[in-house]
Each structure stands twice: as structure tokens, then as C-alpha cells.
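To start, the structure itself, in C-alpha cells.
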Protein chains: 2
Amino acid sequence: MAGTRGRRGGVGVVDLARELGVSTATVSRALNGSDAVRPELAQRVREYAEQRGYVANRLARALSANTSRAFVGFVIPYVDTPAYSAVAAECARLLSRDGTQMILSITENDPEREHRQLRELLASRVAGLIVSPSTYVTRASKELLRNAPVVELHRASGIAAPGVFSDDEQVITECVLHLAALGHRRIAYLGTPRELSNGAARLRGLRRGLELAGLTERNCATHLSEPTAENGYTGANQLLGAAEKPTALLVGGGSLSQGAARAVRAAGLRLPEQLSLIVYGDPTWFALSDPPLTTVVVGYAELADQAAALLQRRLDGEPVEPRPYLVKPELVNAGSTGPPPA
Amino acid sequence: MAGTRGRRGGVGVVDLARELGVSTATVSRALNGSDAVRPELAQRVREYAEQRGYVANRLARALSANTSRAFVGFVIPYVDTPAYSAVAAECARLLSRDGTQMILSITENDPEREHRQLRELLASRVAGLIVSPSTYVTRASKELLRNAPVVELHRASGIAAPGVFSDDEQVITECVLHLAALGHRRIAYLGTPRELSNGAARLRGLRRGLELAGLTERNCATHLSEPTAENGYTGANQLLGAAEKPTALLVGGGSLSQGAARAVRAAGLRLPEQLSLIVYGDPTWFALSDPPLTTVVVGYAELADQAAALLQRRLDGEPVEPRPYLVKPELVNAGSTGPPPA
DNA sequence: TTGAAAGCGCTAACAG
DNA sequence: CTGTTAGCGCTTTCAA
């Protein structure tokens, strides 16, 4: 009974301690690389633990050391798009180097679910959070976020926290100028709602682009909706079916782009002769189109690296400025833009 | 000092107990819906806890109740493809209904990483695991898996555990018959390695299809490689560049299909006049192709539902047969297959 | 440098 | 039905 211990995993610190003839404190210290233990003893403990196949109970560890890096929460609205799945994968990879496990929470953009998940995550004593807030974050959720080491991703909730975002404003401006330079004067914009921080950023970019191109908002029909492929499809159809047909369609958002691309194809428009099209996301999605689509390419890996690094710095206690950290997207011309039809 | 308690979260069971004038045991029982507490008291406790904003420390809970459903591990080789990301999302959603959090681990198909992650997961006392094993699972990993409630997904490692898979064998047979019926006699197959359980299943389907079609393996060049889009691209090029050109290309695997589709497009082959093509995965990926590609559609949501349900049943202690649970994929004809060129 | 002992916050015997 | 008392497995004072 006493000898068996650890019904489940097996060896525990007390076993090691007993078998080595030292105290559990010493074992713990040795295992955690405390410098307050004679190096050779520490070494011996570690070797023995290894050989004995010891693996620490992370729950106990995290519970005891009221602070620990055992878990980090990753809270996102969706995961079925690379903007999230690719970043999630990369973050999990980076965090696991530190021995940190990532708890994945999908809110489905539902503020209530989000709030519940955040509570649960905090109840699991996560060391920190990487969060992509839902469109309408509740006051209560913000309160929770304020009191935890948070790094925002893709979207900002308005709290004072560092956040990693793609520099949408700048690239959308570039897109508009690109189109205007080709001669377009009736540009349609399909994007995410302004309540979404990235939606707002893209709209700023749009406005700035139009201004710099000497165009007004009257030159630009816009359609804003939550980022789903479905919305992209219907939104694009709506814009393309307007009385004053646009000669170019600019889509601000990855999922919207998926749907929009399908809508354009279904409409049977020849690119770029009948319509110039710029989409958002990963060019490999659009590689099968003919011609391949000119795409705003967002560096998901870089976003992930930044997010993970910022969080780790916060957890290390290093000061991290609570500001946006922007990653520059790249406008990759693949042939779906050209002069407007005569 | 005594009154403050809970440096971090705030209220704990002892606070509630003290403030309500009952014991912590009673509080715990009430909160966990034990029937061994007077209903009205239980009610009062719950209401008070709610009002007090109590939220249980899941670490403590899980540590104490040596069994708990706090966490479940989700171990997959990749997540940047819907075969995994979509299933992960859906599983996270389903598990969260039970209050279970999902720890996401990406192995990158590396057996060593996989083993380490499994150990760490078990060290976190996960209640169970949903695992998509790497191509070459180590003996040690299998040992770990054998001693935990595991449900396999997409791929089997050979241990006695329930697993949820798409019925690749059957659908690949159907594909071959479809092509043969159109008149094809030189079919190329691009698939995953036979070391992968799904690779083996697809090969079985291939062989059976050829046989039923009265063809031999000499009618069918095959190329097997790890499932990445890159490999799909090079593999397809290789098959298409062979001396005896195939008239049809069948791709068994989602990522391979992505690459293969690009290769076919790059080769400038007209579908289905010059080549018949069947791919694997989500048809929306291939919707932009002209014509859209005939696709083997795998029901990711259904896979996820099954996997989550099986795991939950196992955790409930219900007996679950350690066998494959197959989900039928669907062959959706979208126009990229037709009679072979004359 | 090491050990004894007190928790971390919760659940679960065991009594009453 | 309810309370007392041990733990879960680890870390971390506090002394020695």
C-alpha cells in the first residue's frame, strides 16, 4: 500500500526521495534546477529520476507553485481557417518547447461562450492567454482579460494588452492604389464589420487609399459582414449585381475571400478582363483559379511567432508594451488584376 | 491574511463554507450535485456560490479526485489541414459541453515529439486521449496509449483501441470502378504510405477496385509519400511525366490532393479531356478549378462527433469495442472525370 | 546545503 | 444528511 503509491502514473517525488535517501524538498529542488542543491547530488537525483521514468504530475506542480507555465489558453472564434489553425499549430509548437501545453478554446464568436471559456481557463490556472476576441466581447470578459497575461491576436478587444495583428490598413491602401493606378474608378469592397478591429483597420486603409487615389467613397460600394465563406459568397454577389457594376472587387478577409472567389467564378466573369479581383489569405487556396488570384498574403507563422514570444516575455516578467505589434502582409500579384474594361 | 485567501482567483470552497456556516465537504457535495445533501441546502449553496462568483480551481479538483474530466488530450501530426483542424474544432466544441478542456498537441509526425507529448499529457492527468498517431509510432508510445482511454482518429497505431476512420478502402474501390467504367485502363494512384493505416486501407481499396474492374496492377502506376501538399505536387508530376502516360489520376489524401491539383493545373492539362482527376478532401478547396474537381468528400464533422462520443462513452465507463468505427466518405462528381482521350 | 512540515484548493473516506 | 480529517503530488517557507 505504502510502496505502491501513485495509483496511476507511478513514481512520485516521495518515491524518489525515499529511494535516494533524501528529502522530497531536495528532489524537487534538483529537478527544478534550483542552485541551492549540491551539483553532484542534483545530478544524481536527475539521473535517478530519469532512469526511474519519473514524470512530474503537472497538476500538482501547477497547483502548488501557484504560478506555473503548465498551461496557456488559446481562445479563438473559429479554427477552420488557416488564419487561426495555422497560427494555433505554430503557437502550440513554440509553447511546447517551454513545456507549456496549449488549451484550445473555440468560441464560435459567441460572447457568452467566450466568457464561459475564459472563466474555465482561468479556473485551470493558465499562465496566460492568447486571445482573438469575438466581435462583441462582454464587459465581464474584458474584466477577466484585464487581470491576466494576455496577448491578442488578429483582433483587439480594446483592453490594454499587447496584440499581434497583420497591418491591414497599410496593405488595403496599397491595394486600392494598385487598382486605381490601373485605372479603376468603381471599386467594390467586401470586408469584415467595423466592430471588429481588423474590419475597422481595413476600412481605414480603404478610405486612405481612396483619398490618395483622388477617389471618393462614392466610387466605392462596400459590404461588411462577419467573416464566413457563406457571407463572402452572398456579399460578392450583391456587390457585383449592383446597378453600377464595379470594375474591381477587393476583399478584406480570408473567409470572405473564399466565398467571394467562388461567387466570381460562378458569375462566369473573366479575370482580369471583366473584373479585377484581389483576395485575402493564403495564395495556395486560390492557386487553382484561372488566372491565379492576386492575393494579400498574411504571414501566419510570423504572427504566431510574435504572439508566442510576446506571451513568453510577459510570463518571464519582462515588460511588454501593451500596443499593437504589426506584421506586414504582402500583396502578391498573380494576374487577377488589370485595367478596367473599356 | 486569513480572510483574503485565494491570492489569485478569489473565493474558494473554504470561503463559501465559512460564510455559509457549513463544512467544505457539504459545499463540495452541493456543487458537484451529490444527492447526499439536503436539496434546499444544496440549492442555497449553489446560489451563494454563484452570487459570490465562485469558480472551482480545476487543477485542485482534478488533482484531488484522482479521476476527472478536466482535460483531454488531442494529439495530431498536423493541424494545417481541415482533416485535422476541422475535427479539432468540432471535438473541442463537443467536449466543452462536458466542461472538458482540450489540450492540443501537434507532433509534426515526429515519433519522438509524439512520445514526449504523450508523456506530458499523461502527466497532466488527462482523462483520455484522441490520437492520430504518427507514421512510425514508437513502442514506448504504444505502451503509453495502451494504458489510457484512447480513441484513434484517421490513423490507427495497431493498439487495441476504438478508432474513427473514413472508409477509404470502400471509396477508393468506388473511384477505380468509376474510372474503369469510363474506359480508363491506365490509372495512376498517388497516396499515403502503407505504413499509415489509411495509406494501407486506400491501397487495399485500389487493389480491390482494379481486380473488380478486371485490371491488374500493371495498369496502375502508384506513388506513395507522406501527406504534404509538396509531396502531392512532385508526386503528381512524376506520375504524369511517366513514359506510359496515365489517362486518369486518383489521389488518396487531402494534402496530397492540394499539391496534385496544382501540378495538374501547372501541366496545363484540360480536364477531363486530357486527364481525369479525382481528389480527396473538401470540395470547397477545389471549387475554383475549372471544371471543379470530382472529390472524395470526407465527413469531418461526423468523424469528430464519433470520436468525441466514443471517448465520452469510454470515460463514462461504458464498454466500447476496440474496433474501427467507419464513416462513409462520398464521391462527389463535379466534372473532372470523363472518358479517356482517344 | 538539506530536511521537516505546511500548504495549493479540492474531493472522499469515515464517522456521527 | 453533515462534519472531520486525510490526502492528491508537488513546491516552498522556515529551521537546522
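Here the structure is a predicted model, which is why all the values come from computation and not from measurement. Here is how names work: the chains are called A, B, and so on, in the same order as the sequence lines, proteins then strands, and each is numbered from 1. All heavy atoms count here, side chains included; hydrogens, waters and symmetry mates do not.
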Check whether the side chains of B:Glu47 and B:Gln51 place a donor and an acceptor atom closer than 3.5 Å, and report yes or no. no
For nucleotides 11-16 of chain C, give me one character per nucleotide, 5' to 3': B if any protein heavy atom sits under 4.0 Å from the base, S if the only such contacts are to the sugar-phosphate, - if neither. BBBB--
Rounded to whole Å, CG of A:Leu20 lies from P of C:dT1 at a distance of 19 Å
Return yes if a side-chain donor-acceptor contact under 3.5 Å exists between A:Ser124 and B:Gln101, otherwise no. yes
Is there a donor-acceptor pair under 3.5 Å between the side chain of B:Asn109 and the backbone N or O of B:Thr135? yes
At how many degrees, to 10°, do the end axes of the helix from C:dT1-D:dA16 to C:dG16-D:dC1 meet when each uses five pairs? 40°
Using a 4.0 Å heavy-atom cut-off, does B:Leu41 contact any base of the nucleic acid, only the sugar-phosphate backbone, or nothing at all? sugar-phosphate
Is a side-chain donor-acceptor pair under 3.5 Å present for B:Glu152 with B:Ser157? yes
Can you tell me if B:Tyr300 and B:Glu90 form a side-chain donor-acceptor pair at under 3.5 Å? no
Rounded distance in Å - CZ (B:Arg18) to C1' (D:dG3): 17 Å
What is the distance, to the nearest angstrom, from the CZ atom on A:Arg38 to the C1' atom on C:dT2? 9 Å
Check the distance between C:dG9's P and B:Asn57's CG and give it to me in whole angstrom. 7 Å
Is the closest side-chain heavy-atom distance between B:Pro111 and B:Ser134 below 4.5 Å? yes
B:Leu59 CG to D:dC8 P, in whole Å, measures 17 Å
Any A:Arg58 side-chain N or O less than 4.0 Å from OP1/OP2 of D:dC10: no
Salt bridge present between A:Asp15 and A:Arg52 (N-O < 4.0 angstrom): no
Which pairs with one or both residues in residues 20-45 of chain B pass ring-ring contact (aromatic ring centres under 6.0 Å, His included), sequence neighbours excluded? none
Separation of C:dT2 P from A:Leu16 CG (nearest whole Å): 16 Å
When you check the side-chain N and O atoms of A:Gln312 and A:Arg69, is any donor under 3.5 Å from an acceptor? no
Please report, rounded to the nearest Å, how far the C1' atom of C:dG9 is from the CZ atom of B:Arg52. 16 Å
